Amino acid sequence: MAKIAKKTARGRAAPKLAKVGPGELLTLLDFARYAVSRFVEAKLAFAHGTTDPVAEAVFLISEALHLTPDQFEGFAHARVTVAEGKTLLDLIHQRVTTRKPAAYLVNKIYMRGLPFYVDERVIVPRSFIGELLDSHFGDEGGPGSLIDDPTAVARVLDLCTGSGCLAILAAHHFPNAEVDAVDISKGAIEVAARNVGDYGLDDRITLYRGDLFAPLGDARYDLIITNPPYVDAEGMAALPPECRAEPKLAFDGGADGLDVVRKILRDAPDHLAPGGGLICEIGRGRELVDEAFPELPLLWLDTEDSEGEVFWISAADLG
């Protein structure tokens, strides 16, 4: 009787990894090279904190060995123990066969150098807004600055907070601000609460479960930040397996990707203080947003790795 190949959950034959004999892989660098070869062979997708197979291998191996990614180079030629080697091979195998983001396998992701807990209840954070808080909301007051003084910001709102990482970054960046963070997902709020507690910010960050502004009453904010669902129907159908492992709710922006963005722009004026503003990430939908809201003077912001994927608009310009 013919043998039946094992199938993955979505019906594909599970990839077979090259067998590793005793003593063939010795150092961190050996395991990283092996991981890169397997990741490339399996045609994995990289969009969850790393952008290529080398960075992904370094991240996964470092976390498994309780090192930060920037410590990898210093230990690259150090040998791993037999037990550590088994753990590393198991993680590499999981990454290839399950196609889950590496962040889920080690329950950690970094944003702006800070570690955050993540699991399958939340999207793996990879927002450009963290960088923009540094580049456009600093205390220099230069031509690129959107506010004069971070210490004067009293209230910040993070909509669609997910793991709470942007709310936490905002609390660090605006030292005198009270931060509210909202998500419609019970699981996301639970993960966010864990991260807020880990950073000792329970007294400054308040978490709300609900649909956008609904749980906030008539509260007004100096700054609203949001990285909402913005993937359109075509994009949802084309998501790689790594993204399909994440909550669909965190991606799905409706037929054209703008369902949630429309609600935010509609209701934000009722929740912005005079002189405040909204910063919103929408991915590669700039053209659609400009067409949908030609009357709004949106200021598109660039980062080191993005161009025109985040916009800013002041309370005055929102009306």
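What you see is a predicted model, and the numbers here were worked out from it, not measured in a lab.
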Work out which heavy atom in [X] is nearest to a heavy atom in [Y]; give both atom names and the distance.
X	Y	result
V156	A177	CG2-CB, 4.0 Å
A154	D222	N-OD2, 2.7 Å
R99	L44	CD-CD2, 3.2 Å
F137	P150	O-CG, 3.3 Å
L105	Q94	CD2-OE1, 3.6 Å
P297	I313	CD-CD1, 4.1 Å

Exercise. Could you go step by step and tell me if V179 and T206 meet the side-chain contact (heavy atoms from CB on, under 4.5 Å) rule?
Worked result: CA-CA 6 Å; V179 181; T206 303; over 6 Å; no
Is the side chain of [X] donor-acceptor paired with the backbone N or O of [Y] at a distance under 3.5 Å, no angle test?
X	Y	answer
R220	P269	yes
T226	L159	yes
T27	D30	yes
D198	N195	no
D232	G235	yes
D302	G308	yes
E246	V124	yes
R244	L239	yes

Do you reckon [X] sits in the same ILVMFWY cluster as [Y], going by side-chain contacts under 4.5 Å, direct or chained?
X	Y	answer
L272	L223	no
V196	L216	no
V58	F39	yes
I279	L146	yes
V310	L288	no

Nearest 0.5 Å please: distance from the [atom1] atom of [X] over to the [atom2] atom of [Y].
X	Y	atom1	atom2	answer
S314	I147	OG	CD1	13.5 Å
F46	D52	CZ	CG	7.5 Å
L166	H173	CG	NE2	12.5 Å
I129	M111	CD1	CE	8.5 Å
F116	N107	CZ	CG	15.0 Å
D90	I92	CG	CD1	9.5 Å

Exercise. Hydrophobic cluster mates of I184, side-chain heavy atoms under 4.5 angstrom, ILVMFWY only, any path?
Worked result: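 Under the 4.5 Å side-chain rule, I184 groups with L249.
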Pair up each side-chain donor or acceptor in residues 78-86 with any protein partner under 3.5 Å, not counting sequence neighbours, and list the distances.
{"residue": "T81", "atom": "OG1", "partner": "E84", "partner atom": "N", "Å": "3.0"}
{"residue": "T81", "atom": "OG1", "partner": "E84", "partner atom": "OE1", "Å": "3.4"}
{"residue": "E84", "atom": "OE1", "partner": "T81", "partner atom": "N", "Å": "2.9"}

For this session: List the steps and the verdict of side-chain contact (heavy atoms from CB on, under 4.5 Å) for L212 and C160.
Result: CA-CA 7 Å; L212 300 177; C160 308; 3.9 Å; yes
For this session: Not counting sequence neighbours, which residues clear ring pair (Phe, Tyr, Trp, His ring centres under 6.0 Å) with H172? List them please.
Result: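 Partners of H172 under the ring pair (Phe, Tyr, Trp, His ring centres under 6.0 Å) test: Y199.
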Problem set entry | With F128 via ring pair (Phe, Tyr, Trp, His ring centres under 6.0 Å) - residues at least two apart |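 By the ring pair (Phe, Tyr, Trp, His ring centres under 6.0 Å) rule, F128 matches no residue at all.
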Problem set entry | Residue from H48, E120, R126, R95 passing side-chain contact (heavy atoms from CB on, under 4.5 Å) with P101 |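 Per the side-chain contact (heavy atoms from CB on, under 4.5 Å) rule, the option paired with P101 is H48, out of H48, E120, R126, R95.
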Problem set entry | Residue E291 excluded, over 12 heavy atoms near CD under 6.0 Å |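 It does: E291 CD has more than 12 such atoms within range.
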Problem set entry | Y117 atom OH, neighbour heavy-atom count above 12 within 6.0 Å |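 Atom OH in Y117 is crowded, with more than 12 foreign heavy atoms closer than 6.0 Å.
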For this session: Write out all pairs satisfying ring-ring contact (aromatic ring centres under 6.0 Å, His included) with one or both partners inside residues 203-258, taking only residues at least two apart or from two chains.
Result: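 For residues 203-258: F213-H271.
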Exercise. What do the steps show when you test I205 against I168 for side-chain contact (heavy atoms from CB on, under 4.5 Å), and what is the final call?
Worked result: CA-CA 8 Å; I205 298 178; I168 292 167; 3.9 Å; yes
Exercise. Just checking, R38 and Y34: is the charged tip under 6.0 Å from the six-membered ring centre and within 45° of the axis?
Worked result: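 Output yes; distance and angle both within limits.
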For this session: Report yes if the side chains of D270 and D218 come closer than 4.5 Å at any heavy-atom pair, otherwise no.
Result: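 With C-beta onward as the side chain, the pair stays apart.
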For this session: Mind jotting down which residue pairs meet the side chain to side chain donor-acceptor pair (under 3.5 Å) criterion with at least one end in residues 58-68? Sequence neighbours excluded, please.
Result: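 Qualifying pairs: E63-K108, E63-Y110, T68-D70, T68-Q71.
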Exercise. Between M236 and K248, does a side-chain contact (heavy atoms from CB on, under 4.5 Å) hold up when you go through it step by step?
Worked result: CA-CA 9 Å; M236 289 297 295; K248 179 182 177 182; 3.6 Å; yes
Exercise. Step by step, would you call D305 with T303 a side-chain hydrogen bond (donor to acceptor under 3.5 Å, both in side chains)?
Worked result: CA-CA 5 Å; D305 298 311; T303 69; 5.6 Å; no
Salt bridge present between [X] and [Y] (N-O < 4.0 angstrom):
X	Y	value
E242	K100	no
D183	R209	no
R286	D290	yes
D119	R194	no

